[in-house]
Amino acid sequence: LRARGTATGKNVSAFGTLEAKDLGGLGKTLHAFAGVDVPGLGGNGTVRVSLKGPPRGPGAQLLGELKRFSIAGLQADVLTLNAEVPDVSQPLDTDVLLHAQRLHFGERVFDDVTFDLITHGRQLDLDLATKGMGDLQVHSMALLDKDTRGAELERLELTSADAKWQLEAPMKLGWADGLSLSAFSLRDGDQRVSGELGLSRGRVTAKARVERLDLARLPHVLALPSLGLGGTLTADAEATGKIARPAVTLHATLEHGKLKGLDALEVKLDGSWVDERAKGTLKLHSALGRLDGTFDVPVLAFLDEKPGDGTAHFTLSAIPLKRLEAELGRPLPFEGLVSGVIDLAGSGDHPKVRVTLESDELTLTRDEKKLSFGGTQLSVFTTDAATLDATLRFSTLGAESAFALATPLSPQTTVYITSAAFSWSAVPGANYVAVLASDEGYSSLLSSSVLSASSQTFSGLDLGATY
């Protein structure tokens with residue numbers, strides 16, 4: 001830090017230069033001597049400050065160029081700053097110009113970012129523009145209240161690609177006792193976003209409504225292009241209560257939706273979040289099948305494995321495995337349609353889960369040969385003995401088969417076959433050999449018998465495979 005200057009009864013002239021090689025050091029100093037934590041503060045550059053004019057009201061100017069600046073996950077490359085106050089005794093007349101050659105925030109990268117704030121008395125003008133990930137421009141005009149405890153937002157425009165959102169009527173902002181936004185409405189054609197907000201004394205009251213929002217036209221700053229979002233969203237949301245634990249309700253409908261290549265999405269969600277408990281109904285239809293269900297779950301209790309009873313029931317209908325294979329980007333061994341049921345019960349410390357998948361016909365293809373399986377049912381479920389058990393039933397080549405498996409719920413996974421049953425249509429006078437073997441190629445014979453009946457059951461088994 002270098003500074004010089006002169007002062008007389010009629011004039012003040014002072015200059016200062018701050019050269020920062022590592023702003024991270026400033027963050028450590030603030031923490032050590034003032035107990036102030038500035039997350040992610042870093043960067044380097046030069047800032048110059050000048051003060052000129054009469055002692056009672058000199059003008060101030062701040063000029064700076066930071067080759068790199070970062071704070072709270074936000075990083076700017078080549079950040080220039082020009083702030084000017086013609087009379088420091090009149091701080092409401094201020095011009096602030098910021099420009100970043102490039103701005104990084106998570107996966108998002110913005111080029112040529114400009115921020116201009118110009119104030120004349122109580123009139124405030126703000127302009128924000130960026131390129132990259134879709135050009136975005138924001139222009140707003142506001143009038144500060146005489147007591148400086150609020151403002152009236154007279155004009156707001158957000159322009160991006162082929163969208164132009166405009167404030168339909170002036171709205172009030174207040175910060176005298178927390179933060180408040182009066183009822184507002186932004187419109188772009190038949191799209192509309194409206195709401196209101198109040199934050200005061202640790203409590204929140206908020207409402208929001210979205211009407212016919214075209215997700216494909218969202219600014220890239222709000223939605224990554226890689227998500228491939230599309231469809232029309234209509235939603236109502238409300239939050240009330242303590243800021244730390246608000247009660248939230250949400251009603252949302254998505255029509256003709258798209259997400260990462262999955263299209264024809266039709267979604268309807270009616271839900272609430274009260275006392276850390278999620279409750280509601282969900283209907284989701286797409287080219288990949290249907291999902292319908294209800295839920296009433298203490299989410300945090302289940303995540304933390306603490307007491308708290310909950311239930312959830314979902315049904316899966318007509319899921320084409322061929323389409324699922326394409327969405328997953330990896331081959332699946334079977335073709336066909338699969339339906340199922342997912343049930344959750346119990347408490348966070350003792351959850352009970354059962355997943356059942358069924359298919360009338362599955363086809364397995366190996367070396368251009370096809371093998372059909374009928375009446376297939378796979379059930380996977382937790383037990384009171386802390387095991388993840390499963391039963392599998394299917395029929396193929398004229399025989400019906402059933403398996404039971406048990407897996408202890410531990411970091412080391414061991415699958416046990418506890419029983420196996422087979423049945424087939426017997427030919428009169430013919431004998432059959434039932435063989436149960438453990439190794440690929442059936443080289444290790446565990447049980448064998450000659451019989452003329454049409455079924456065979458192996459029980460009391462304890463065949464384990466650990467991996």
Side-chain angles (χ1 to χ4, degrees), residues 47 59-66 69-88 90-105 108-161 163-176 178-188 191-199 206 208 218-222:
V47 177
Q61 186 176 30
L62 188 149
L63 297 172
E65 180 175 313
L66 300 175
F69 176 75
S70 63
I71 185 170
L74 186 70
Q75 179 180 317
D77 300 333
V78 190
L79 177 66
T80 58
L81 167 66
N82 185 347
E84 185 175 359
V85 184
D87 184 344
V88 295
Q90 303 290 330
L92 291 181
D93 287 334
T94 303
D95 295 346
V96 179
L97 307 178
L98 283 171
H99 177 264
Q101 191 177 91
R102 180 164 292 176
L103 199 64
H104 305 262
F105 185 69
R108 296 171 171 83
V109 179
F110 309 97
D111 296 321
D112 201 14
V113 180
T114 59
F115 174 92
D116 298 343
L117 174 63
I118 300 175
T119 66
H120 297 290
R122 294 190 292 120
Q123 187 69 48
L124 291 78
D125 293 349
L126 171 65
D127 287 282
L128 173 67
T130 180
K131 296 179 180 179
M133 295 195 69
D135 295 348
L136 175 67
Q137 294 181 342
V138 179
H139 174 64
S140 64
M141 297 176 60
L143 182 64
L144 193 65
D145 293 346
K146 291 182 179 180
D147 60 5
T148 68
R149 304 178 72 180
E152 182 177 71
L153 186 60
E154 302 172 324
R155 184 176 180 182
L156 177 61
E157 292 183 356
L158 296 90
T159 305
S160 174
K164 186 175 183 178
W165 292 83
Q166 293 182 309
L167 189 66
E168 290 193 287
M171 60 175 288
K172 289 288 294 183
L173 295 85
W175 48 82
L179 176 65
S180 64
L181 302 178
S182 67
F184 69 89
S185 175
L186 287 165
R187 182 181 290 276
D188 175 23
Q191 301 181 92
R192 189 168 182 263
V193 176
S194 58
E196 55 185 291
L197 171 68
L199 298 172
L218 282 177
H220 292 169
V221 67
L222 299 177

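Residue numbers start at 1 and run along the sequence shown.
Between Asp188 and Lys164, the shortest heavy-atom contact is OD1-O, 3.2 Å. Scanning both residues, Phe184 and Met171, for their nearest heavy atoms gives CB-SD, 3.5 Å. The two atoms that bring Leu79 and Ala76 nearest to each other are CB-CB, 4.3 Å, heavy atoms only.
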Donor-acceptor contacts under 3.5 Å from residues 141-153 side chains, at least two apart:
from	atom 1	to	atom 2	distance (Å)
Asp145	OD1	Lys172	NZ	3.0
Asp145	OD2	Lys172	NZ	3.3
Asp147	OD1	Arg149	N	3.1

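The side-chain contact (heavy atoms from CB on, under 4.5 Å) check on Ser70 picks up Arg68, Gln75, with sequence neighbours excluded. The side-chain contact (heavy atoms from CB on, under 4.5 Å) search around Phe115 returns Leu98, Leu117, Leu126, Leu128, not counting sequence neighbours. In terms of the side-chain hydrogen bond (donor to acceptor under 3.5 Å, both in side chains) criterion, residue partners of Asp87 (sequence neighbours excluded) are, by chain and number, Ser89. With sequence neighbours excluded, no residue forms a salt bridge (charged side-chain N to carboxylate O under 4.0 Å, His left out) with Arg122. In this structure Gln166 satisfies the side-chain hydrogen bond (donor to acceptor under 3.5 Å, both in side chains) test together with Glu157, sequence neighbours excluded. In this structure His139 satisfies the side-chain hydrogen bond (donor to acceptor under 3.5 Å, both in side chains) test together with Asp127, sequence neighbours excluded. Taking the side-chain contact (heavy atoms from CB on, under 4.5 Å) definition, one finds that Leu199 meets it with Leu179, Leu197, Val204, Ile243, sequence neighbours left out. For Asp77, there are no salt bridge (charged side-chain N to carboxylate O under 4.0 Å, His left out) partners two or more places apart in sequence or in a different chain. When the salt bridge (charged side-chain N to carboxylate O under 4.0 Å, His left out) test is applied to Arg102, the partners found at least two apart in sequence or on another chain are Asp111. For Thr114, the side-chain hydrogen bond (donor to acceptor under 3.5 Å, both in side chains) criterion is met by no residue, not counting sequence neighbours.
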- [ ] Would you sort out whether Ile71 and Phe69 count as a side-chain contact (heavy atoms from CB on, under 4.5 Å), showing the intermediate values?
- [x] CA-CA 7 Å; Ile71 185 170; Phe69 176 75; 3.7 Å; yes
Task: Verdict with supporting geometry, Gln61 and Leu63, side-chain contact (heavy atoms from CB on, under 4.5 Å) - done: CA-CA 7 Å; Gln61 186 176 30; Leu63 297 172; 3.8 Å; yes
Task: Residue pair Glu196, Leu181: steps toward the side-chain contact (heavy atoms from CB on, under 4.5 Å) verdict - done: CA-CA 5 Å; Glu196 55 185 291; Leu181 302 178; 5.8 Å; no
Task: side-chain contact (heavy atoms from CB on, under 4.5 Å) between Glu168 and Leu186, intermediate numbers included - done: CA-CA 6 Å; Glu168 290 193 287; Leu186 287 165; over 6 Å; no
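For the atom pair Leu103 CG and Phe110 CZ, the distance stands at 7.0 Å (nearest 0.5 Å).
Of the residues listed (Leu136, Val113, Asp112), the one engaging Lys131 in a side chain to side chain contact (heavy atoms under 4.5 Å, CB included) is Asp112, and it is the only one.
A heavy-atom distance below 4.5 Å is not found between the side chains of Leu92 and Leu124. Using a 4.5 Å cut-off on side-chain heavy atoms (C-beta onward), His120 and Asp93 make contact. When side chains are defined from C-beta on, Leu97 does not count as touching His99, because their heavy atoms never get closer than 4.5 Å.
Under the 3.5 Å distance criterion, the side-chain polar atoms of Ser185 are left unmatched by any main-chain donor or acceptor of Ser194.
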